[in-house]
Each structure stands twice: as structure tokens, then as C-alpha cells.
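These notes concern the structure reproduced below.
Because the structure is predicted, anything quoted here is derived from the model rather than measured. Just so you know, residue 1 is the first one in the sequence shown, and it goes up from there.
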Amino acid sequence: MTETRLFERRLTGDPLVYSIPAHRSFADALASGLVRAFGRDPLALARGRLLLPNNRAVRTLTEAFVRASGSGLVLPRLIAIGDSELGDRIGGALDPLDFVDIVPPAIDPLERSLLLAGQLRAEGESAAEAMRLAVELARTMDALAIEEIPAARLTEAVDQSPELAAHWQAALARFRTLLARWPELLAERGVVDLVERRSRLLHALADRWAERPPEGFTLAAGITTSAPAVAALLARVARLGQGAVVLPAVADVANMPADEWDALGPDEDGHGEETHPQFHVKRLLERIDASRDELRVWPGGGRAASPAVRGRAVSQAMVTAPYSDKWTRLPPAERRLTGIRVAELADPASEAQAIAIALREALQTPGRTAALVTPDRNLAARVSAHLMRWGIEADDSAGLPLSKSPAGTLLLAIAAAAAEQLAPVPLLALIKHPLVGGEGEARLIWLDAARKLDLALRGPRPRAGIDGLDERFAEKGAADAWQTMRPCVVPLASLDGVQTLSALSASLREKILSLCGDNAWRGADGRAAAELLAALEQSTQAATLVISPDDVIPILRQLMDAIPVRRPFGGHPRISIWGLLEARLQQADLMILGGMNEGVWPSLPSPDPWLAPRIRRELGLPGTEFRTGLAAHDFMSVLGAPRVLLTRARRDSRSPTVASRFWLRLQAMTGGMTRDQRIERLAHSLDASVTTDPAKRPAPSPPIEARPKKIAVTDLDRLQADPFAFYAKTILKLRPMEPVDAQQHAAWKGTAVHAVLEQWFEVDGCEPARLQARARAMLDDTTIHPMLRALWAPRLMEAIDWIAAQSVIDATAGRKPVLAEVMGEADVSGVKLYGKVDRIDRLPDGSLAIVDYKTGHAPAPKAVNEGFALQLGLLSLIAERGGFGGTSGVAGAHEYWSLAKKKGRFGYRQSPDGKGGAAAFVERSAAQFTAAAADYLLGTKPFTAKLNPAYAPYEDYDQLMRLEEWYGRD
């Protein structure tokens, strides 16, 4: 088609509207058609202009022209009309200098958010909540501005809805107050909102082109926004002598029955079947005063086209519910979706694996392209990671949020460490960050020191601040490693209390420089972080927005989440990952639609916290379901590729999933789409857990000389109940490490109470009146979590008072404590038995009472009867042999002094001696120990895992023994 025929009309002034069917790649078809129409004159294209929806579309069409030209050509001007949701500004060619007097400059988006947040902060919101609400407020204000709805209409809508719930009335009152104040705030600064400025420019340009048409041709391509300003410009372009509008994926509406077309709406309020893929197109056609009968098919073809019959079938599948009964009357050829396959996987990990395999396989065919299209960024990240295993760096157009980039995580790590006063977890996250510690040999030295500090910080949290860290590292023997890092960490000790956001940004910049130098600002993410901090430092609004330390992390994360970081030079030329915007205008040979579940395709509508749904409807704003219609249109466009693969996971990390409504429509119309079982099998077979036999119950049997000849009294239960755990602990020398910043757990409580009772014995001579003061001093330790202190202190003090009372009773009866917290050992049955006794009392008859303090309950009699919980009997064996220094003798009693609750009060005694008395208990303990030692320590019996699970409650070695693979199978 020649240039003349391309803009040929029946009558002068008729709108010229083209459509590129969904089964063609929009960008390639558009470029191919223009090259064919203007190809004879290499400069003809350069005299024209293309209006495109956003800057991403400009990049997409540029690449399409490169493919279509072959030997190169001078491109027309590609101009974005701007997209407020993407932060795109209107193209410079649509913003001439002579409009400066009638259209003020736009307020900077960041400055606008901060100004709105300041207004909300003045109403009593916290800084973090004010920033969150400011984003929602700006979105609602933009929605009103895009549809050019005056504030007076809002007042009318509210007056017509008096029955709104109280919370909506309160939100509307705040919104109306802010909306009334907003123009004055902008006027003071000589600016307007970005959306309003775009609307003014587009209206002014439409008026100018009506009087003086531009030179060369003008095409508005790929724009489906029906905002009044955009529609006014498109209406003017469609009526220019060398102008036309080119719409994506709407060719089939000309064949839609009239009743279906009319049922789409919109009604007088601008609403209708908003979830239908052609609703927004119909509304745009009405606003540019064009009918569907005037639609023409664009003459260009381009690459990556699918059969037209498939496009018609997809259109049939997307009809509104009242007309879906016609599926049963369609001939099989009109319902067939040749070239479209589906794959259902067990979970998101398997789905990502399958998608990566399909993308990798596409590269086996020379020249073939493939793209993943998904709104699910987590799925996209998983697929990228799988592709990296094969050295394929996919071109991910969405990029990465700054908050998840190295520079962004560094900012958050510094802020977290400072806000939490150098608490262990944020401190370790910071010092292990890849941008911290230098490079090369210096980095290795830094990481060695970081590992030592990691070990020292395990267990309960030290005292806050630098002093607490100094104490902890000195106590744990990590002072040398700490001195390597201390000079860099000291500036991070704390945030300066309440301060402005601008001051915080300057402080963070200084902290980053002291810790990382200029390394933090390298790369695209480093530059983006530097620009953000610089903008905040220079912002007049940030200089007035006061924030507290608790607000720092949420505000920084929100600001950085909105900043994408993209690769400067893209990725693999044939493998791409696209969002819905990019896929709207282009296609690959293989298109994979990933994450086809409800909540993803389409995404869940975002509720408006400021305007009630009824108010939005009264105002004529698009409903929350409007985006579902846009997603449906994008879905139709993607299904036009030559080969399509739809994938979904049957469950996510929490629960079973529901297939997307789009997926279900295709299945219902076709009676079941073709499954790509080969991809499913490949993804399944690459999972090692499927092809590897589960492990058997481990039962190692080391030689006698490798078996220990020394055992603690507390390890006999482990040896009998879970021999493998004993083997791992004593022979393999494996010890579980405490978590970093661990809570004060039961073992810590026991250690703390034993320390109190030991000091009470050694310093106070078990004076009952002094015990409570020692317990109080322990509870006053600043390292104890306030919640633990509040919940545990009343119970502990009641139990402590019980111990003091029992001591008075025992002293009156002639019983005297003689030892506390002393280690002892003795040879028993050829094995050295050792252990620490909590307390030994001398009874009036000269025998010994072996006492064990318990912060929990004492062992049940059933456990003793079954040969477990014999610790006190084994300590008696050591005492009989003089293993506790100068204190020896025969045990006359064994007692557990429990601090737990029994019969309504805290504290009780319990003896494991049973009916046979202390001597019989010691004899039974000796026999049980002798048998176990003979089997496992002096013999060759294998250390079988979990022989008695009921008495093996600890899970320290469950992963080592691969418990989940064999437990229940053996």
C-alpha cells in the first residue's frame, strides 16, 4: 500500500481508524506497513510522527523498525503521550516552548508525594502511614484529573449518598478538605499536577492541529486510553489529512453481533461490562466519534503471526457471560486453539522450572524468539534464576525494584542497624553485605572477622549499642575481630532521634561513605540510590517532614519500591521476560503466559481507601474491575503468537490455587486444551527428590576404638532413646548453634536460675532471706526481653519464695546443703561417668540427698520405670565413689525441685525413688547404665536413629539423619 492509499478516506473529515488483529505482532506489523508505504523515499518516514502510549512502547517500536528496515532507515519521531502510572512524562515534541505561558510546569512526583504526606502528617498520621496514604491519595486525585471531573461533582455525589458507612464519610471528608486545599498549594509553587499538565497540553495540541495541521503524517498507535484529553487528541489525529489512529487487537469487533456490542455499554455514567476485553476500546471509539463499521485492517503483516481462525476463537471465548451459551453451537473449527498448549505443575518452583526449560528449548532453533509474560514478579525472578544456571541472562523489561538491588538493600541495612541500635540480626546483615568490607584480600579479611562475630552474637541479644557489643565480644573472645570493624560501625550506633527526612538522607549518605566509600554508588542501582538521597536532601518538603526512627524503614522501602532498576544494555537477544505493557505491542515466536491463576491473571483490584465504590460510580470513574478488562485485552493479544504455552501451579506456598478465569474460559469453550505433557515430565524429572530413593534409617557402627569411653550423666537418655543423636554429638562432635538474637528459651531460663541458686549457696550460705534479692537482680538485667520479664517474673518469684520456705523446713529438720553446682566423675563399668550436681544435702542420718533444680516439670514416673530419666541415680554413683571431691556417701534421697506449677501453685518436690527407695533406684540406674555402656561404648551395637521417639524430643540432628525420608516407612 502506498502513502496516498494509506490515508485515503471516503469523505474529508471522516475518522480514519485502523486495527491490527491480535494474531499479528502489533509493533512489527505497524513498522512493516509504514516501511512498505514510505519505503521508496528514505526521508518520508522522517517527516512523520508516531504518538505512542509510553516510553516502553517507544523502545519496542524502535526495535521493530530496526527489524523491518533490514539495511537501516531514518525513523519517524516516536513520541510518548505519557503514562502517569509509569511516571512517564509527555514527549518533548508534544510540549512546545510556546505552550509555557498557558501550561505551568509539573510538580516533581517525589515532591508531590512529600507535600501530600506533609498535609496528612499535620492531621496526626505517623510519617510512614502518611507516606503510604499519600500514594493512594495521589492515585485517586489522578483518577479524577484524568477523567476531568471537577471537585464540585464530588460534592454532588456525596450529597446523593447520605447512607454511606461512617468510615467512608470520614474518609470522604478528609479527601474533600485536601482536594480543596490542593490547588492553592500548587499555585503557591507555580506548578500543576503531572496528569493535569498532560491533559492541558493534549487539549491545546488538538486545538492547534485543528487550526494548523502538522507537516508530514501523524499516527496515534497502540493507545487505548479513553481519557477525555487523549480521546480529544486521537479524534483530531484521526481526522487529519495525513493522520490515522491504529488500535491493537480490535479487528474482530466488526464481526461481533450488534446485541453483544451494544451490551458492552457504556451507560450514561460511563460504566458497562468493564471486564470485557473490548469495553475500553468501545468507550474510546465513542469518545473519538468513530463507529466500529469504520475500522479498517492495517495493511502490514510482520513476523510472529498466528492463524486468523485462532484469533476468532479467542474472541468467542472472551464473550460476556450472557452470550457464552453460543459456545455449544460453534463448529469445532471455530473452537479449536491450534498452537496453544497448557501445563499444570505442582507448585511455583516446578512451574518456574518448566518455563525455563521451554525458554531454553526455544534457543535450539536458530533465530527463534521466546518470551515469558507474567504479572507475577516472584515467578519472573525464579525463571531468571533457572536460566542463569545455563548462562542465559533474560532481558527482563520490568527490571528490579531499587529496594531489592544491592545498593537498595545496603540503604535498608544501614537504616535497620541504626534504628535498632546495632541489634545482632541487622548488624550481621550489614557487615556481610556484598558492598561492605572492600574488595579482594581486604574483603576476605573482613568476612573472616564477620564469621567470628556471627558466632559471638548467637544466643540472647546483648545490651543495646556499642557498649553492649564491646561487652559481648570481649566475653566471647572475639575482641580482635571486633576491633577490625568497630571504627566503621561506630557511626551507625543510632539514628538522631526525631529528625526530618532530608536530614536523615544526609545522615545515611555519610554513613554509607564511612562504611563503603564510593563502592555503594557504582552501577545503575548505585546511581539510582544516590539520586534518591540527593533528591531527598534537596527537597523543601523533605526538609519539613519530621520522622521518627520507627518510620525510617517503611518510608525508605516505599520510596525505593517505586524506582525500577534496569540493565543498561538489556539481556539475551532472543529470550525476554515481559510485563503486560510490553507484551501489549509485540510478540515472540513462543509466548509463555506464566502464573495463570486468579489474583495474577487478572491481578486483584486495588481498593481505593478514599472514595467508596458507589461514589466512584456516581462520578463516572472506572470501577475496580476496569483493570480486569485491560488484562483480558492483553491476554487476547498474547494469544496471537505462533506458539503459546499457558502455565499454572496447582498450589502456592500457602494453599491450593484457583485457575484464572481466562484459563477456565478457554477450557470450557474448547472442552479441554492440549496439555504439554513433555514439558511437565521434563520439569518433574529434573527434580532430584523424584528420582532419588528416600534414605533408610541411619545406623552407623564405628569401631570400638572410635567409640567414646566417657559419657555425661545427661547423655544416657539420648544414648538409649536416640543413639544416632548421641553418635552425632559425641563421635562426630557436632553441636547445634543457637540462633542469632535468640529468645531467652527454656534452657536459658534454667541456666539463669541455676546461676542464681549457685550464688545463693556460695555467697549467702543458703540464707532464705537473701534468695529473693538475687532473683530480682537477675530479672533486672537489661538484656532480658521486657515481655519475658513481665510474663516470667511473677511465676519465678513465687517459685523462689517456695524454695526459700523449703530451705527453712529442711534446716529445721537438720538437713544441711554441702555442695552446689560441682562437677564430678567416676569410673563405672569401665566407662568414665561425669556430670554436674545442682545441690547435695547432708541428711540427719549422714546419707546424701541429691537435688536437681527444674524450671519445668519433673520427669514423669513412667519415664523412670521405662529406664529413662536416671540422671539423679547416676550422680549418686559418682558420689558413692567420691567423685565430688571431699563429699561422698550413700544417697538417702533423690529429689527434683521444680519451679513449675502444680496444684495451683508454683514449686513442688518430686522423687524418682519409687517404692523401693533410694538404694533400689541407684541399683536400677547402675544396671541400666552398665547395659547401655556395654552395648554402645564397649561393644559394637549400631547407633540406630530414633529407637524410642517418645523420649527423644530434641530435633537437633533430625535433618542430619534425614528423618522425614524414612520415618514412618521403616
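Counting only N and O atoms by type, the side chains of Gln587 and Ser637 include no donor and acceptor under 3.5 Å apart. For the residue pair Asp652 and Thr657, no side-chain donor N or O sits within less than 3.5 Å of a side-chain acceptor on the partner. Under 3.5 Å, the side chains of Glu537 and Ser505 contain no donor-acceptor pair of N or O atoms.
For the atom pair Leu556 CG and Leu411 CG, the distance stands at 6.5 Å (nearest 0.5 Å). Put simply, CZ on Arg648 and CD on Glu598 are 10.0 Å apart, with the number rounded to the nearest 0.5 Å. The distance from the CG atom of Leu536 to the CG atom of Leu110 is 5.5 Å, given to the nearest 0.5 Å.
Legend: residues meeting side-chain hydrogen bond (donor to acceptor under 3.5 Å, both in side chains) with Lys432, ordered by chain and number and at least two apart, are Asp454. With sequence neighbours excluded, no residue forms a side-chain hydrogen bond (donor to acceptor under 3.5 Å, both in side chains) with Arg654. For Phe65, the ring pair (Phe, Tyr, Trp, His ring centres under 6.0 Å) test picks out no residue, with sequence neighbours left out. Residues satisfying the ring pair (Phe, Tyr, Trp, His ring centres under 6.0 Å) test with Trp482, not counting sequence neighbours, are Phe473.
Contact of the Ser660 side chain with the Val600 side chain is not registered, since no non-hydrogen atoms from C-beta on lie closer than 4.5 Å. For the pair Pro348/Asn378, no side-chain contact is recorded, criterion being any heavy-atom separation below 4.5 Å from C-beta on. With a 4.5 Å cut-off on side-chain heavy atoms, Leu345 and Gln353 do not count as touching. By the 4.5 Å heavy-atom criterion applied to side chains, Leu515 and Leu430 are counted as neighbours. Side-chain contact check for Cys516 versus Leu410: some heavy-atom pair is nearer than 4.5 Å. In this structure the side chain of Glu111 never reaches within 4.5 angstrom of the side chain of Leu115, judged on heavy atoms. Between Asp634 and Val373, every side-chain heavy-atom pair lies at or beyond the 4.5 Å cut-off. Using a 4.5 Å cut-off on side-chain heavy atoms (C-beta onward), Leu457 and Leu469 make contact.
Salt-bridge check for Asp395 with Arg59: passed, with a basic side-chain N closer than 4.0 Å to an acidic carboxylate O. Using a 4.0 Å cut-off between charged side-chain N and carboxylate O, Arg377 and Asp396 make a salt bridge.
With Val383 as the partner, the side chain to side chain contact (heavy atoms under 4.5 Å, CB included) test is satisfied by one option alone out of Ile575, Ile592, Leu359: Leu359.
Under the side chain to side chain donor-acceptor pair (under 3.5 Å) criterion, the residue pairs touching residues 437-446 are Glu439-Arg522, with sequence neighbours excluded. Applying the side chain to side chain donor-acceptor pair (under 3.5 Å) test to every pair with at least one member in residues 550-559, sequence neighbours left out, gives these pairs: Ser548-Asp551.
Relative ring orientation between His280 and Phe626 is described as perpendicular, the plane-to-plane angle rising above 60° on a 0-90° scale split at 30° and 60°.
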Subject >> side-chain hydrogen bond (donor to acceptor under 3.5 Å, both in side chains) assessment of Ser126 paired with Glu129 >> reply: CA-CA 5 Å; Ser126 69; Glu129 182 64 6; 5.5 Å; no
Original post:
Would Glu196 and Arg200 satisfy salt bridge (charged side-chain N to carboxylate O under 4.0 Å, His left out), going step by step from the backbone distance to the final call?
Top reply: CA-CA 6 Å; Glu196 182 182 353; Arg200 290 193 195 180; 2.6 Å; yes
**OP:** Take Thr60 and Phe26 through the test side chain to side chain contact (heavy atoms under 4.5 Å, CB included) and record every step on the way to the result.
**Re:** CA-CA 10 Å; Thr60 298; Phe26 183 89; over 6 Å; no
**OP:** Could you check Arg651 against Asp347 for salt bridge (charged side-chain N to carboxylate O under 4.0 Å, His left out), going step by step and ending with a plain yes or no?
**Re:** CA-CA 5 Å; Arg651 66 172 297 119; Asp347 50 47; over 6 Å; no
